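Remember, it's a predicted structure, so these values are computed and weren't measured experimentally. The chains referred to below are lettered A, B, ... by the order of the sequence lines, with proteins before strands, and numbering in each begins at 1.
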Number of protein chains: 2
Amino acid sequence: MSYHTLVQHINRHVTLTEAEVEILKSLTRIKKVRKRQFVSEQGEITRYESYVVEGCLRCYHTDEDGNEHVVQFAVEDWWTADLHSFLTQSPAHFSVEAIEPSVLIQFGYNEMEELYRSIPKLERFFRTITQRAYVASQKRIITSFSKDASKRYDEFRNRYPTIEQRVPQYMIASYLGISPEFLSKIRKRKLTNG
Amino acid sequence: MSYHTLVQHINRHVTLTEAEVEILKSLTRIKKVRKRQFVSEQGEITRYESYVVEGCLRCYHTDEDGNEHVVQFAVEDWWTADLHSFLTQSPAHFSVEAIEPSVLIQFGYNEMEELYRSIPKLERFFRTITQRAYVASQKRIITSFSKDASKRYDEFRNRYPTIEQRVPQYMIASYLGISPEFLSKIRKRKLTNG
DNA sequence: AAATAATCTTGAACTAGTTCAAGATTTCAA
DNA sequence: TTGAAATCTTGAACTAGTTCAAGATTATTT
């Protein structure tokens, strides 16, 4: 069943009883999305936080000039949402879109609060994973300020080898904060030279 | 007493009893630092997470070329630390240094775990503030990719007018991801032209 | 009140990365 | 299996931001 990986994931940080797993199941839902389907859209309220059972998605912002900027990729065992929109139930600055057909477990706002009440250790779980996400985000800022595009690309490939296989190059360029043309040139340079 | 603002700060998210405030006091400590004094150093283990009662600090990374990159400023009512180092008790990638003489309330690693055990609602408190920090961090990434340096500077001034007054320009440049010379030129352009 | 250290400014030369345009290649739906 | 859409490549012209160097200004310490 789809919940197996989620429960294992949570159990790496806290320990859920059988009864608690049942509560969890009852307060969440499974959502399947096609390739290129939106999970949530910029301008709309993000109603759910999503755990990825299977598939690959991107969370991205479209700026005033229409350029897209990837905030985050999400693959199996990761979470995705416009967290600000979800927490404040206000219009999102980011969209979440499937890069591959995907299966998600979704947590609604009220249901999440209910889960915190009935399974308080989930507070600890979400504190922990948010702290990790925050640490990764800070690291991304410093890397983008201190290293050039070529080194950032190397680091991305080393850290996320599977994602690199599954995602179009121009989205990786966007994640790295460079143009797709420039990433293409970086790759060429790596093939011909060192 | 110095704990007053911390307790108020926590009470905006959860409600502490008198007894809980006493536990909090007993498991934390007050630390005063001079201007330019380190609170924690890159390469060392970050032993404490610090709440700022008074003063102003910066958290920054020094890269291989010796260039400094500001990860975060912290003023009254904010938190600062190399969170990764603190959580994993491993050597830090960031230093925290006082920009002004400052007063901190410090939470040690073991004491923090003890606090979570004795006052479980602190899990909720730290979950909440970490989620906010994460949201702000993601926003900073996207801003730095989608807006030019001049706009980023405008946004910084609007969002943190007090910090701008208290911090040297070259640290603001570093926070924005540009050279101090270029920030100086941006400021001149703003004075002379529009 | 000096002396030293820290910070800020300015200009000239440079470069990492962008933009535009056009074609080549791959993927996917019908 | 073909046509359309999506993605990737390449080169030429450009620009936002850097680097270096030197002097000016402001803080801080003695």
Side-chain angles (χ1 to χ4, degrees), chain A residues 33-38 56 58 60 62-70 73 97-101 143-157 163-193, chain B residues 33-38 56 58 60 62-70 73 97-101 143-157 163-193:
Chain A
V33 286
R34 297 191 317 278
K35 184 168 179 171
R36 293 200 182 83
Q37 187 178 341
F38 282 113
C56 179
R58 75 207 243 245
Y60 68 98
T62 305
D63 69 21
E64 299 145 354
D65 304 330
N67 297 316
E68 295 176 354
H69 304 276
V70 172
F73 295 114
E97 194 193 49
I99 295 172
E100 298 173 1
T143 301
S144 96
F145 287 168
S146 63
K147 305 206 164 149
D148 67 20
S150 174
K151 285 204 194 98
R152 276 181 272 149
Y153 179 52
D154 293 341
E155 287 194 6
F156 180 85
R157 293 172 62 169
I163 294 183
E164 215 224 331
Q165 305 307 315
R166 297 168 75 172
V167 164
Q169 246 187 75
Y170 75 91
M171 291 186 194
I172 295 174
S174 168
Y175 180 87
L176 296 173
I178 60 179
S179 65
E181 293 93 335
F182 192 52
L183 179 54
S184 177
K185 283 162 196 171
I186 286 171
R187 285 164 54 88
K188 191 186 185 189
R189 219 162 56 202
K190 282 189 202 298
L191 285 176
T192 57
N193 312 353
Chain B
V33 286
R34 297 190 317 277
K35 184 168 176 170
R36 292 198 184 85
Q37 188 178 342
F38 283 113
C56 179
R58 76 207 245 245
Y60 68 97
T62 304
D63 69 21
E64 299 146 355
D65 305 330
N67 296 316
E68 295 175 354
H69 304 275
V70 172
F73 294 114
E97 193 194 48
I99 296 173
E100 298 173 1
T143 301
S144 98
F145 287 169
S146 62
K147 304 205 165 152
D148 66 20
S150 173
K151 285 204 194 97
R152 277 182 270 151
Y153 179 53
D154 292 341
E155 286 193 7
F156 180 84
R157 292 171 63 169
I163 294 183
E164 215 225 331
Q165 305 306 313
R166 296 168 75 172
V167 164
Q169 248 188 74
Y170 74 91
M171 290 186 193
I172 294 174
S174 168
Y175 180 88
L176 297 174
I178 60 179
S179 67
E181 294 93 334
F182 192 52
L183 179 55
S184 177
K185 284 162 194 170
I186 286 171
R187 285 164 53 87
K188 190 184 185 191
R189 219 161 57 202
K190 282 188 202 299
L191 286 175
T192 55
N193 313 352

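With D:dT10, C:dG17, D:dT9 as the choices, the nucleotide that has an atom nearest any side-chain atom of A:Gln169 turns out to be D:dT9. Side-chain proximity of B:Phe182 to the nucleotides C:dT7, D:dA16, D:dT7 is greatest for D:dA16. Comparing C:dA6, C:dG17, C:dT19 against the side chain of B:Arg36 picks out C:dA6 as the nearest. Among D:dT7, D:dG11, D:dT18, the nucleotide with an atom closest to any side-chain atom of A:Lys188 is D:dG11.
Contact annotation for A:Arg34: no contact, since no heavy-atom pair falls under 4.0 Å across all strands.
Of the candidates A:Arg34, A:Arg166, A:Arg58, A:Arg166 is the only one forming a salt bridge (Lys or Arg N to Asp or Glu O under 4.0 Å) with A:Glu100.
Rounding to whole angstrom units, CG of residue A:Asp148 and C1' of C:dT18 are separated by 16 Å. The distance from atom CD1 of B:Ile186 to atom P of C:dC8 is 14 Å, rounded to the nearest whole Å. Spacing between atom CE of B:Met171 and atom P of C:dA6 amounts to 11 Å, rounded to whole angstrom units. Atoms CD1 (B:Ile178) and P (C:dT15) sit 21 Å apart, rounded to a whole Å. Following rounding to the nearest Å, B:Lys35 (NZ) and D:dA27 (C1') show an atom-to-atom distance of 7 Å. Put simply, CD on A:Gln37 is 13 Å from P on C:dA29, counting in whole angstrom units. In this structure, B:Glu68 atom CD and C:dA6 atom P are separated by 12 Å, rounded to whole Å. Nucleotide D:dT10 holds its P atom 12 Å from the CG atom of A:Leu183, rounded to whole Å.
Sequence order on DNA chain D of the closest nucleotides to B:Glu181 and A:Tyr170 puts A:Tyr170 first from the 5' end. Both A:Lys185 and B:Lys147 sit near DNA chain D, but only A:Lys185 has its closest nucleotide nearer the 5' end.
The CD1 atom of B:Ile178 sits 11.5 Å away from the OG atom of B:Ser144 when rounded to the nearest 0.5 Å. With rounding to the nearest 0.5 Å, the separation of CD in A:Gln165 from CZ in A:Arg157 is 8.5 Å.
When the side-chain nitrogen and oxygen atoms of A:Arg189 are compared with OP1 and OP2 of C:dA16, none of them lie within a distance under 4.0 Å. Taking only side-chain nitrogens and oxygens, B:Arg187 never comes nearer than 4.0 Å to OP1 or OP2 of C:dT10.
In terms of modelled atom types and a separation under 3.5 Å, the side chain of B:Asp65 and the main chain of B:Asn67 share no donor-acceptor contact.
With salt bridges taken as basic N to acidic carboxylate O contacts below 4.0 Å, one links A:Asp154 and A:Lys190.
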